[in-house]
Amino acid sequence: MMIPNLSPEQLERDQQLGLLAIRNFLESKTSFDVLPVSYRLIVFDTSLLVKKSLNILLQNSIVSAPLWNSKTSRFAGLLTSSDFINVIQYYFQFPDKFELVEKLTLNGLRDVEKAIGAEPIETVAINPLRPLYEACVKMIESRARRIPLIDEDENTHREIVVSVLTQYRILKFVALNCKEVRMLNKPLRSLNMGTTEISKVTLDTPVIDVIHLLTLKSVSSVPIMDENDKLINVYEAVDVLALIKGGMYTDLSLSVGEALMRRPEDFEGVYTCTLDDRLSTIIDTIRKSRLHRLFVVDSEGKLLSVITLSDILKYILFG
Amino acid sequence: MGNTLSQDNAETGHHDHHHHHRHHFQHSQTPNLEPLKSPSSHQSPDPTDMQRPGFPDSSVNLPESQHFENGSPSSEDVRQIPSKDVSMVDVSGDARLGSSSNSGSNSRSGSAMNLDSADELAGLQPLRRKSTLILTDDIDFERLKLGQRPPEDDMVIDDDGDLGQVPPPVFKQDDVGDENSSTSNDVQQQQSGRNAQRPPEIEKVPTVIRWTEGGSKVYVTGTFTGGGKMFALNGPSSKDGSFSIKLDLVLGTHRFRFIVDNEIRISNFIPTATDQMGNLVNYLEVVSRHHEERSSSISDNKSRSSLTTMDSKLGLTRDDDDMGDGYSRYHDEDEAYVTPETVYTTSVPAIFTDPKVMEQYYLTLDNQQNGTGNNNQQWLIPPQLPPHLENVILNSYNNADKDNTSGALSIPNHVVLNHLATTSIKHNTLAVASVVRYKKKYVTQILYAPLQ
């Protein structure tokens with residue numbers, strides 16, 4: 001993309017106007033607007049076994065699903081990769097509880113959470129007709145990467161699971177439909193965005209250590225470096241789905257390098273950028289590719305920081 | 001989950017006239033789902049989906065002539081309804097007119113269509129037949145006498161006996177483009193060649209598309225313009241500065257965007273959704289004017305009385321709202337519209353359990369066939385699944401489509417709404433799905449649950 005040669009003042013002014021326009025756009029649209037005219041929604045009954053739910057996720061090429069408690073006829077939160085990470089950690093702590101893990105239903109996930117002392121993820125939901133801006137704020141506040149859209153049936157007053165929006169989908173929606181993103185031309189180096197404190201691993205690190213890091217640091221990925229401290233790959237929270245697929249929890253002794261062999265072939269790849277890149281370019285890349293974070297590297301490929309979709313969203317809302 | 005599915009016939013809903021079929025759907029990606037049973041006509045919240053009571057299957061397009069003759073009896077009293085399924089009421093209206101055989105006269109098949117693209121529509125228009133609202137002929141005559149616009153999408157046209165009295169419907173020229181209109185006309189000619197008595201009809205509803213958000217040159221482009229063409233809107237109007245265009249649109253959901261002074265825009269006053277790529281579009285659903293008239297005239301006593309007459313002719317009995325087990329019949333706001341006329345029961349009709357009754361039924365069928373000199377024992381062939389239920393939209397969903405990050409599906413024809421589809425049970429897990437409306441959008445919900 002051609003960046004016009006503008007003075008820092010002009011860049012700054014454009015940037016602010018652009019951000020304002022995007023915020024207005026998010027205010028003017030609802031979560032419902034993001035949904036296609038016809039779409040699918042996969043819901044799991046909470047009495048489903050955890051290992052079966054995993055198979056179904058993989059079969060449908062999804063990484064998360066809303067849960068439905070048919071006993072109470074209520075929405076019961078989201079099943080995400082962090083639930084599977086909890087189960088893995090539970091099994092690692094209590095290897096004699098294999099039977100329990102085998103028979104674990106989605107209902108039992110909260111108990112697993114408690115047993116390993118994991119902080120329960122508060123599921124914040126939003127009515128689909130509320131402004132998209134509100135959904136974004138709720139997501140940032142709750143540190144959730146997706147937000148379920150829940151409505152209430154007028155007659156029965158029961159909850160209706162309408163859909164689930166992810167940060168990626170909202171940012172892609174903005175990228176496609178809000179042309180003012182082109183005005184965000186300030187280079188990243190002047191934005192103070194992203195995290196520089198990064199836990200890194202190598203290909204030989206045991207995958208279970210990497211999984212521990214994911215929860216310990218509350219991150220969705222851990223970069224993998226070579227011996228020269230160059231970024232070569234990344235282990236993502238969603239990768240645990242492929243790791244425990246089928247066999248369930250028998251392969252936790254693998255190294256992260258070996259574990260990555262399980263990754264599906266359609267892996268989107270690792271996205272990098274430099275401090276000279278601009279948000280306009282990054283958002284345009286989001287439009288084209290399913291990326292969930294960018295690693296900022298210097299000219300030698302040395303990792304400087306990581307910018308997640310939450311960081312981008314946070315910047316758009318409050319930056 | 002399995003890829004091959006079969007329809008289970010454990011369901012005993014006696015309106016389900018296709019419940020002893022096995023249908024297999026094969027697909028590699030999505031869980032395959034298939035219709036399990038007919039919709040419950042009493043749970044539809046949307047008046048346009050509402051079917052006439054006592055005609056539980058009336059949302060089902062009757063696919064082929066064969067279908068009419070092979071409907072299994074859906075009432076327990078076989079003798080009263082010797083050869084006709086309740087779902088066939090629309091056709092059996094002709095019993096009155098003395099033509100009990102429709103075979104060969106139904107050259108058009110109702111096909112479930114995804115109103116995705118104008119091209120698709122153009123190709124299929126002549127085949128399209130809306131059959132959700134199946135009403136007695138009397139009403140239509142009343143309408144005609146009142147000088148109202150002739151109903152254009154009603155199956156009543158299939159009724160040979162009526163044709164003499166129904167003025168030939170006006171086939172509107174397609175404004176969209178020469179291609180479309182010529183295609184339609186071609187098929188029209190073919191159709192009339194096959195059956196000179198029944199001209200095809202495509203209901204088009206004059207629809208005004210308006211742009212009220214400024215600009216000096218406004219165009220609209222969308223699924224109805226085809227091939228990226230644009231139509232210029234007239235305006236600005238001297239009154240309010242708005243732009244508008246009146247288009248004859250075929251029934252269904254249309255998606256479109258505006259081009260205002262060379263910039264793609266979305267109206268803030270028309271519903272919005274995203275397309276497969278995620279682009280924001282405006283959309284609207286064009287419903288039959290006929291439907292609207294129908295639903296607005298539900299208090300019309302004449303219509304109701306004629307309905308009742310029909311039902312009594314068919315020997316349908318009234319029942320109350322208590323469905324047993326603490327369930328009561330669902331009533332929409334339009335109480336008058338929902339006049340319960342059928343009995344819902346969990347008992348399997350004797351026709352399927354008692355060999356004597358079964359034999360009696362087949363004998364009756366045989367006699368009927370003989371009576372019409374048509375002794376081909378077609379009743380031996382089980383009735384077919386209505387074609388629109390064979391194309392389960394989930395089965396055409398492609399997980400591998402990376403651009404489709406929103407799980408966008410093709411837009412369902414409303415006749416497939418509120419049907420329950422299912423996979424076969426594998427590994428003790430069952431997936432059920434149904435397509436329902438949610439605020440003018442369609443959600444295809446899939447619920448995975450273990451078998452208890």
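Numbers restart at 1 for each chain; the letters A, B, ... are given by sequence-line order, proteins then strands.
- With hydrogens and angles ignored, the 3.5 Å screen pairs a side-chain donor or acceptor of B:Thr274 with a backbone N or O of A:Val34.
- Residues B:Tyr448 and A:Asn60 have side chains that bring a donor and an acceptor to within less than 3.5 angstrom of each other.
- A side-chain donor-acceptor contact under 3.5 Å links A:Asn177 to the backbone of B:Gly278.
- Residues B:Tyr442 and A:Pro36 have side chains not in contact (no heavy-atom distance under 4.5 Å, counting atoms from C-beta outward).
- For B:Tyr283, the part lying under 4.5 angstrom from a heavy atom of chain A is the side chain only.
- No more than 12 heavy atoms of other residues, nucleotides or ligands lie within 6.0 Å of CZ in A:Arg74, so this atom counts as exposed by the packing criterion.
- Remark: A:Arg110 CZ is packed, more than 12 non-hydrogen atoms of other residues, nucleotides or ligands lying under 6.0 Å away.
- Residue A:Asp153 qualifies as enclosed at atom CG: its count of foreign heavy atoms under 6.0 Å is above 12.
- Taking A:Thr105, A:Asn55, A:Asp151 one by one and counting their heavy-atom pairs under 4.5 Å with chain B, the maximum is reached by A:Asp151.
- Summarising the geometry of A:Ser38 relative to B:Pro412, their closest heavy-atom pair is OG-CD, 3.5 Å, with the distance given to 0.1 Å.
- Only the side chain of A:Leu129 comes within less than 4.5 Å of a heavy atom of chain B; its backbone N, CA, C and O stay farther away.
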Candidate pair A:Leu48 and B:Thr429, rule side-chain contact (heavy atoms from CB on, under 4.5 Å), full reasoning: CA-CA 8 Å; A:Leu48 204 61; B:Thr429 307; 3.8 Å; yes
side-chain contact (heavy atoms from CB on, under 4.5 Å) assessment of A:Leu176 paired with B:Leu280: CA-CA 8 Å; A:Leu176 275 163; B:Leu280 205 55; over 6 Å; no
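- The side-chain tip of B:Lys439 does not point at the ring of A:Phe32 from less than 6.0 angstrom away and within 45° of straight on.
- At a threshold of 4.5 Å between non-hydrogen side-chain atoms, the residues A:Leu49 and B:Pro450 do not count as touching.
- Between A:Val37 and B:Arg255, some side-chain heavy-atom pair lies under the 4.5 Å cut-off.
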Worked verdict on A:Val162 versus B:Lys441 for side-chain contact (heavy atoms from CB on, under 4.5 Å): CA-CA 10 Å; A:Val162 176; B:Lys441 290 186 180 177; over 6 Å; no
Criterion side-chain contact (heavy atoms from CB on, under 4.5 Å) on B:Thr444 and A:Tyr39, from CA distance to verdict: CA-CA 6 Å; B:Thr444 302; A:Tyr39 62 94; over 6 Å; no
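- Taking each heavy atom of A:Trp68 and B:Leu447 in turn, the nearest pair found is CB-CD1, 4.5 Å.
- Here NZ of A:Lys51 is found 10.5 Å from NE2 of B:His427. Values are rounded to the nearest 0.5 Å.
- Counting only heavy atoms from C-beta outward, the side chains of A:Lys179 and B:Glu263 approach each other to under 4.5 Å.
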